[in-house]
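See structure below.
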Amino acid sequence: MNVGFDLVNNKLIIRIDGDIDHHTCEEIRSKIDNEIMKRNPKSIIFDMKNVNFMDSSGIGVIIGRYKLIMTSGGIAAMVNVKPQIKRVYEICGLKKIIPVYENEKQALESI
Amino acid sequence: MNVGFDLVNNKLIIRIDGDIDHHTCEEIRSKIDNEIMKRNPKSIIFDMKNVNFMDSSGIGVIIGRYKLIMTSGGIAAMVNVKPQIKRVYEICGLKKIIPVYENEKQALESI
Amino acid sequence: MRIDNEMKLEFMSKSQNESFARSVVAAFIAQLDPTIDELADVKTAVSEAVTNAIIHGYECQNGSIIIISRILDKTVEIEIKDCGKGIEDIELARQPLYTSKPELERSGMGFTVMETFMDEVEVESQSGVGTTVRMKKTFKSI
Amino acid sequence: MRIDNEMKLEFMSKSQNESFARSVVAAFIAQLDPTIDELADVKTAVSEAVTNAIIHGYECQNGSIIIISRILDKTVEIEIKDCGKGIEDIELARQPLYTSKPELERSGMGFTVMETFMDEVEVESQSGVGTTVRMKKTFKSI
Ligand SMILES: Nc1ncnc2c1ncn2[C@@H]1O[C@H](COP(=O)(O)OP(=O)(O)O)[C@@H](O)[C@H]1O
Ligand SMILES: Nc1ncnc2c1ncn2[C@@H]1O[C@H](COP(=O)(O)OP(=O)(O)O)[C@@H](O)[C@H]1O
């Protein structure tokens with residue numbers, strides 16, 4: 001499970017590559033938490049361009065990271081979200097707490 | 001199962017689209033035989049560009065059409081053959097009876 | 001009713017089989033020519049039920065999961081069965097946000113996802129015996 | 001030897017299940033990270049054995065086909081079983097170009113393809129009882 005990172009203006013872009021399910025969750029979670037610990041960013045942006053599948057286990061991971069960044073007063077956003085993932089995301093009520101932007105540029109300007 | 005045809009200089013190009021296995025064979029066979037009956041070509045060229053899978057049932061269909069065109073003194077060739085199909089083709093000894101060309105142009109010039 | 005096609009799959013409760021299970025069901029329903037959205041819906045619902053069998057049913061111990069799927073005309077039926085610990089209160093379990101394992105960062109949305117993406121979801125469970133989730137979806141004809 | 005993963009698939013002897021069966025085995029061995037060629041080899045061998053069960057074993061009548069697959073380290077074992085008419089002379093059946101159904105334009109190359117693409121092929125069969133084909137292939141580590 002490949003997770004890439006970029007820090008832009010103290011905003012951590014998290015690029016997940018592959019399906020997010022219970023099997024891949026654990027690794028994604030620990031990679032992200034390590035990076036947040038190390039870089040201490042102001043906010044986080046999930047780049048979902050290379051995620052073709054996500055189920056409610058993935059929602060758990062996203063919410064967990066959202067809570068983590070909240071404790072230090074930060075916020076979370078999501079970009080490049082494909083239709084299947086958008087539907088799971090909406091059903092699970094994430095729309096209300098983690099805004100979705102078209103692309104990275106818009107997210108970086110808005111948060 | 002889609003099978004397209006083109007007649008160039010009395011040579012029938014047969015464009016098969018999809019997997020060739022026992023399930024799809026019957027339809028491929030009858031479409032090709034109808035077309036050969038109707039157009040009475042001098043020779044036939046199998047265009048395998050859109051075939052990603054073929055097993056020995058497919059070999060049966062190819063040999064069957066080869067025999068059919070042979071009875072009227074014609075020949076058969078094959079173009080745009082992908083690696084998996086080339087391997088099945090070689091194992092089954094088709095190489096000796098049906099020449100493979102890189103592309104349509106080469107086949108049309110050579111046969 | 002006439003069954004057009006049927007398959008039964010049995011596999012070990014290992015988390016790498018979550019993606020395997022959804023690929024199998026996707027390959028099976030391919031004969032119904034589902035839309036991309038319909039295919040994604042079924043894969044997601046299957047992923048939820050299989051994940052639940054692994055995490056909750058068997059609590060990540062060894063066990064066997066069975067998927068039976070039937071195609072009748074334009075409808076697919078999918079049954080996902082474990083012989084794990086079972087659900088004590090099914091009604092509670094199906095509530096959105098309810099999870100018995102918040103420590104694992106579960107969202108508690110598995111059943112809600114299944115119910116949203118499939119036309120029907122039926123849960124049968126008995127403590128200490130196991131759980132069966134039965135789902136149905138009818139595809140729109142083209 | 002330790003089994004790393006195992007699955008069992010049962011399906012109806014319908015020709016549309018030929019592509020289903022090879023997709024299932026392909027999805028199962030994906031966890032071994034096979035090369036494109038290795039994946040194609042296994043899919044082709046599975047397609048041959050399943051087609052034989054449908055055409056020769058059940059002679060296109062209703063029946064049930066079982067695939068059991070196991071992963072042990074870098075090796076996959078695949079067992080394809082029918083309860084059809086069986087093979088009288090296995091040695092003859094395995095000869096290249098031998099087919100009992102030339103009227104169906106069979107090439108008689110099914111067993112040869114299986115033997116070429118897999119490391120081991122074992123055939124067990126009994127007239128009137130059925131046929132089991134057991135194949136093995138070890139993937140090259142990367
Ligand atoms: N197969 C199962 N075996 C035992 N308990 C289950 C099973 N499936 C679901 N449950 C119970 O139902 C609850 C809700 O499930 P779900 O909505 O999928 O949320 P989550 O998996 O996030 O906990 C689980 O927390 C668990 O207690
Ligand atoms: N599952 C089976 N049940 C009964 N007979 C079989 C089975 N598999 C193979 N055979 C016999 O072995 C012969 C050779 O098989 P194969 O090499 O695959 O060639 P083909 O399928 O083209 O006939 C078949 O023609 C058939 O008589």
- Query: Do other residues, nucleotides or ligands put more than 12 heavy atoms under 6.0 Å from the NZ atom of A:K82?
  - Reply: yes
- Hey, is CD on C:E91 packed in by over 12 heavy atoms from elsewhere, all under 6.0 Å? no
- Flag if over 12 foreign heavy atoms under 6.0 Å of CD, A:E102: no
- Message: When you compare the side chain of C:S19 with that of A:F53, does any pair of heavy atoms fall below 4.5 Å?
- Response: no
- Report the option among C:V113, C:T112, C:I55 that has the most heavy-atom pairs separated by less than 4.5 Å from atoms of chain A. C:I55
- With distance as the sole test, does A:S56 use its side chain to make a donor-acceptor pair with the main-chain N or O of C:S107 at under 3.5 Å? no
- Looking only at A:G58, A:C25, A:G60, the option with the highest number of non-hydrogen pairs under 4.5 Å against chain C is A:G60
- Working to the nearest 0.5 Å, report the span between CE of C:M114 and CD1 of A:I91. 12.0 Å
- Just do the side-chain contact (heavy atoms from CB on, under 4.5 Å) check on C:I36 and A:Q84 with the steps written out, would you? CA-CA 9 Å; C:I36 293 174; A:Q84 185 266 345; over 6 Å; no
- Task: Check the pair C:E105, A:R65 against salt bridge (Lys or Arg N to Asp or Glu O under 4.0 Å), reporting the backbone distance first and the verdict last.
- Result: CA-CA 10 Å; C:E105 288 196 342; A:R65 288 357 353 105; 2.9 Å; yes
- Query: Is atom NZ of A:K31 surrounded by more than 12 heavy atoms (other residues, nucleotides or ligands) closer than 6.0 Å?
  - Reply: yes
- Bottom line for C:L97: the part with an atom under 4.5 Å from chain A's heavy atoms is neither
- Task: Take atom CD of C:Q126 as the centre, draw a 6.0 Å sphere, and report whether it contains more than 12 heavy atoms from other residues, nucleotides or ligands.
- Result: no
- Counting only heavy atoms not in A:K49, do more than 12 fall under 6.0 Å of its NZ? no
- Between A:H23 and C:I54, is any pair of side-chain heavy atoms under 4.5 Å apart? no
- Sort C:K14 into side chain, backbone, both or neither according to what part of it lies under 4.5 angstrom from a heavy atom of chain A. neither
- Message: Check this for me: does any side-chain nitrogen of one of C:D41 and A:R87 sit under 4.0 Å from a carboxylate oxygen of the other?
- Response: yes
- Item | Under 4.5 Å from any heavy atom of chain A - which part of C:L104 | backbone
- Query: Does the pair A:D55/C:K43 count as a salt bridge with the N-to-O cut at 4.0 Å?
  - Reply: no
- Message: Pair A:D19, C:E18 - check side-chain contact (heavy atoms from CB on, under 4.5 Å), show working.
- Response: CA-CA 11 Å; A:D19 291 0; C:E18 290 157 12; over 6 Å; no
- Message: With chain A as the partner, which of C:A45, C:S47, C:A40, C:G110 has the greatest number of non-hydrogen pairs under 4.5 Å?
- Response: C:S47
- Do C:T51 and A:H22 have side-chain atoms, one donor and one acceptor, less than 3.5 Å apart? no
- Message: For the CD atom on A:E90, are there more than 12 heavy atoms of other groups (residues, nucleotides or ligands in this structure) within a distance under 6.0 Å?
- Response: yes
